[in-house]
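Worksheet: one structure, shown below.
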Amino acid sequence: MFTLSRKFSTTSIPNPSKLLQRHPQSTTTTHIFIPFSQLQQRKLFESHLISVLHGCTHLTQIKQVHAHILRKGLDQCCYVLTKLIRMLTKLDVPVHSYPRLVFHQVKYPNPFLWTALIRGYATQGPFSESVVLYNRMRSEGTGPVSFTFSALFKACGAVLDVGLGRQVHAQTILIGGFASDLYVGNTMIDMYVKCGFLECARKVFDEMSERDVVSWTELIVAYAKSGDMDSARELFSGLPVKDMVAWTAMVTGYAQNGRPREALDCFQRMQDSGVKTDEVTIVGVISACALLGVAKYANWVRDVAARYGFGPTENVVVGSALIDMYSKCGSVEEAYNIFEGMKERNVFSYSSMIVGFAMHGRAHAAMQLFHEMLKTEIRPNKVTFIGVLTACSHAGLVEQGRQLFATMEKCFGVAPSADHYACMVDLLGRAGRLEDALELIETMPMEPHGGVWGALLGACRIYGNPDIAQIAANHLFELEPNGIGNYILLSNIYASARRWDDVSRLRILMREKGFKKNPGCSWVESKEGVVHEFFAGDMNHPQSSEIKRALADLLDRLKAKGYQPNLGSVTYDLSDDEKKRILMNHSEKLALAYGLLSSDAGCTIKIMKNLRICEDCHAFMCSASQVMGREIVVRDNMRFHHFSDGACSCGNFW
DNA sequence: ATAGGGTTAG
């Protein structure tokens with residue numbers, strides 16, 4: 001419990017309202033002689049109160065200080081009361097209650113006291129009240145200060161009302177002096193960015209007479225978030241003094257835009273320039289490593305984080321980022337180790353772990369963790385439901401998924417979004433209930449987006465239904481005119497149905513549109529930690545002939561165990577022998593052969609692929625895991641497949 | 001007073 005220090009509580013403080021009285025109607029202040037020592041004492045007392053208020057962490061403490069303020073006759077002292085209101089709103093005390101009362105007890109509030117209240121509303125809402133108060137303050141003849149505008153811009157940013165923001169902007173120019181204020185300019189930039197008016201923000205920035213690193217960073221982040229890393233980099237390179245926050249914005253920006261190599265380069269340059277690193281920087285680097293998906297980098301960044309003292313036990317955000325990273329680097333076990341070791345967990349940690357399990361086909365683990373989470377006070381959010389629904393869909397748990405979907409709003413207040421509908425379409429579609437899936441789409445309360453139709457199209461591929469596929473594809477071509485994957489998927493479905501005319505029609509269409517098929521590519525890490533890359537039919541590897549021989553041997557052994565090439569996986573109208581040759585040239589098979597050649601017996605082989613693994617390769621991997629007695633992990637563009645003992649973790653759903 | 005952070009489906 002805190003107490004006021006004895007020094008001040010025993011000193012008798014003159015009543016300030018008696019010392020300095022100001023008649024409301026008079027413009028001149030009535031000066032009363034105040035002994036200098038007393039004045040000084042009062043100033044000291046006020047600043048003491050300010051610092052005591054600053055240290056308050058509970059409402060009861062603030063109430064005690066308030067009582068003390070009243071006892072000492074400072075009930076009209078705007079300076080101290082401003083701080084009081086600020087602390088109250090900081091502790092989330094509703095502005096409308098206690099803070100507003102404090103304000104109304106002051107007869108002649110100064111601009112700072114007005115602003116404290118305006119700011120309170122700008123933080124908590126109702127945001128329009130900020131503007132109402134500003135107008136009242138002006139009509140009562142009180143002039144604004146720069147904080148007043150910052151609070152107003154904050155309110156405009158909160159309601160994304162750029163119209164109002166422009167009016168406030170006009171006020172700053174009209175009243176004079178404020179438009180060139182550094183702080184006002186910075187909050188104005190923030191407001192325009194929040195409202196999505198990047199070019200207005202840039203204009204404010206360009207016209208500011210004085211800028212600091214905050215102004216620059218605000219814009220850099222805005223460019224990064226809009227996906228324009230080139231502008232962000234250009235701005236950053238012109239920034240005279242780059243601090244930790246600005247560097248971090250760049251590292252994170254690269255990571256958020258799927259450019260992990262540049263993120264890591266940037267982090268390297270940041271360290272070279274001698275700027276400090278904190279946990280926010282580390283989180284950016286971790287998400288860059290998650291994109292790389294390579295175990296080597298995962299372990300490296302974990303060590304870096306530990307060296308700086310930001311481990312998963314100390315920081316939830318670092319921990320959650322590490323969970324996601326390890327899941328994406330192929331190691332759910334390690335992800336779960338991190339999860340288990342965390343002191344504090346929140347909805348991010350749980351959701352990341354659930355999504356991680358789902359990604360690796362561990363539906364049971366995902367569901368179990370979800371139910372564990374429900375026993376805590378952490379509430380699931382929309383991402384958590386995405387995780388459990390995809391887990392259900394990969395495990396074919398149709399009824400369980402339906403139940404979750406039906407209750408998510410009623411029991412947890414999470415309204416299903418189009419993304420959740422996409423999960424449900426996926427769930428029904430994978431279970432072969434294509435008509436049910438189509439019906440669900442037709443009853444959606446919102447417009448179905450590409451993900452929804454894409455899920456249906458994917459299901460049509462599994463079950464070879466060209467008619468429903470056509471419906472889905474027509475919507476997709478409209479929604480995603482540049483999505484080459486949809487054209488390829490549809491053409492594959494036609495090929496499986498042996499509708500070669502439709503296949504060639506699509507192929508011509510694709511050529512007209514100037515689409516180029518993304519070449520399939522797989523990569524595998526050798527035991528020395530070198531990443532080897534293989535394209536389909538690639539014979540450029542120095543050990544190419546050995547790889548070819550190993551693959552042929554493997555094929556013979558698999559055939560002896562009953563493996564048959566799946567000719568339906570080839571979508572060209574070719575002879576069976578040609579088809580077999582093409583299948584054996586798939587990049588993931590080359591990568592597997594190299595992995596077998598270059599690794600020690602008993603080691604797991606981890607292969608990564610940029611496209612979805614085909615059915616033939618999937619069956620091939622299953623069989624190979626059994627025949628060779630090796631665990632094989634393949635990460636395709638969608639998820640992880642753990643092949644072991646002739647079976648895959650995805651349960652043939654992918 | 002103002003700037004940088006983690007999870008999302010085909």
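Every chain is numbered from 1, with letters handed out A, B, ... down the list of sequences. Any value given below was found using the heavy atoms of this structure, including those in side chains, with hydrogens, waters and symmetry copies removed.
Within the nucleic acid shown, A/Ser146 comes within 4.0 Å of at least one base atom, counting heavy atoms only. Within the nucleic acid shown, A/Asn315 comes within 4.0 Å of at least one base atom, counting heavy atoms only. Residue A/Val316 is classed as a base contact, given a heavy-atom separation below 4.0 Å to a base. Within 4.0 Å of A/Val221, counting heavy atoms only, lie sugar-phosphate atoms of the nucleic acid but no base atom. Using a 4.0 Å heavy-atom cutoff across all strands shown, A/Ile354 reaches no nucleic acid atom at all. Contacts of A/Thr384 with the nucleic acid, taken as non-hydrogen atoms under 4.0 Å apart, are absent. A/Ser287 comes within 4.0 angstrom of no nucleic acid atom, judged by non-hydrogen atoms across all strands. If you check every strand for non-hydrogen atoms under 4.0 Å, A/Lys90 touches nothing. Nucleic acid contact class of A/Gly387 (heavy atoms, under 4.0 Å, all strands): none. Within 4.0 Å (heavy atoms only), A/Val355 reaches sugar-phosphate atoms of the nucleic acid but no base atom. Using a 4.0 Å heavy-atom distance criterion, A/Ser150 is classed as making no nucleic acid contact.
Of all nucleotides listed (B/dG6, B/dT7, B/dT8), B/dT8 comes nearest to the side chain of A/Asp419. The listed nucleotides are B/dT7, B/dG6, B/dA1; the one nearest the side chain of A/Lys328 is B/dT7. Of the candidates B/dG5, B/dA9, B/dA3, the closest approach to any side-chain atom of A/Cys423 belongs to B/dA9. Closest to the side chain of A/Asn381, out of B/dT7, B/dT2, B/dA1, is B/dT7. With B/dA9, B/dT2, B/dG4 as the choices, the nucleotide that has an atom nearest any side-chain atom of A/Ile386 turns out to be B/dA9. Each of B/dG10, B/dA3, B/dT7 was ranked by its minimum atom distance to the side chain of A/Val245; first place goes to B/dA3. In this structure, the nucleotide among B/dT2, B/dG5, B/dA3 sitting nearest to the side chain of A/Thr187 is B/dT2. Here the side chain of A/Arg86 is nearest to one of B/dA1, B/dT7, B/dG4, namely B/dA1. Distance from the side chain of A/Thr217 is smallest to B/dA3 among B/dA3, B/dG6, B/dT7. Among the nucleotides B/dG6, B/dG10, B/dG5, the one closest to any side-chain atom of A/Arg612 is B/dG10.
Distance, A/Tyr183 OH to B/dA1 C1': 3 Å, rounded to whole Å. Separating the CG atom of A/Leu456 from the P atom of B/dG10 is a distance of 13 Å, rounded to the nearest angstrom. At whole-Å resolution of the value, CZ in A/Arg202 and P in B/dA3 are 20 Å apart. The distance between atom NE2 of A/His449 and atom P of B/dT8, rounded to the nearest whole Å, is 15 Å. Between the NE2 atom of A/His394 and the C1' atom of B/dA9 there is a distance of 9 Å, rounded to whole Å.
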Any chance you could lay out the salt bridge (charged side-chain N to carboxylate O under 4.0 Å, His left out) test for A/Arg211 and A/Glu218, step after step, and finish with the verdict?
CA-CA 11 Å; A/Arg211 302 175 194 125; A/Glu218 275 176 333; over 6 Å; no
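Residues passing the ring-ring contact (aromatic ring centres under 6.0 Å, His included) test with A/His169, sequence neighbours excluded: A/Tyr192. With sequence neighbours left out, the side chain to side chain contact (heavy atoms under 4.5 Å, CB included) criterion links A/Glu234 to no other residue.
Between A/Tyr308 and A/Phe310, the two ring planes are parallel [angle under 30°; tilted spans 30° to 60°].
Between B/dG4 and A/Lys276, no contact under 4.0 Å exists linking OP1 or OP2 to a side-chain N or O. For A/Gln256, a side-chain nitrogen or oxygen approaches OP1 or OP2 of B/dG6 to under 4.0 Å. Of the side-chain N and O atoms in A/Arg430, one or more sit less than 4.0 angstrom from OP1 or OP2 of B/dG10.
Taking 3.5 Å as the limit, the base of B/dG10 and the side chain of A/Glu480 contain a donor-acceptor pair of atoms between them.
Note that A/Arg345 lies in the cation-pi zone of A/Phe339, set by a 6.0 Å cut-off to the ring centre and a 45° limit from the axis.
Under the 3.5 Å distance criterion, the side-chain polar atoms of A/Asp426 are left unmatched by any main-chain donor or acceptor of A/Gly429.
Taken to the nearest 0.5 Å, the NZ atom of A/Lys328 stands 12.5 Å off from the CD1 atom of A/Ile323.
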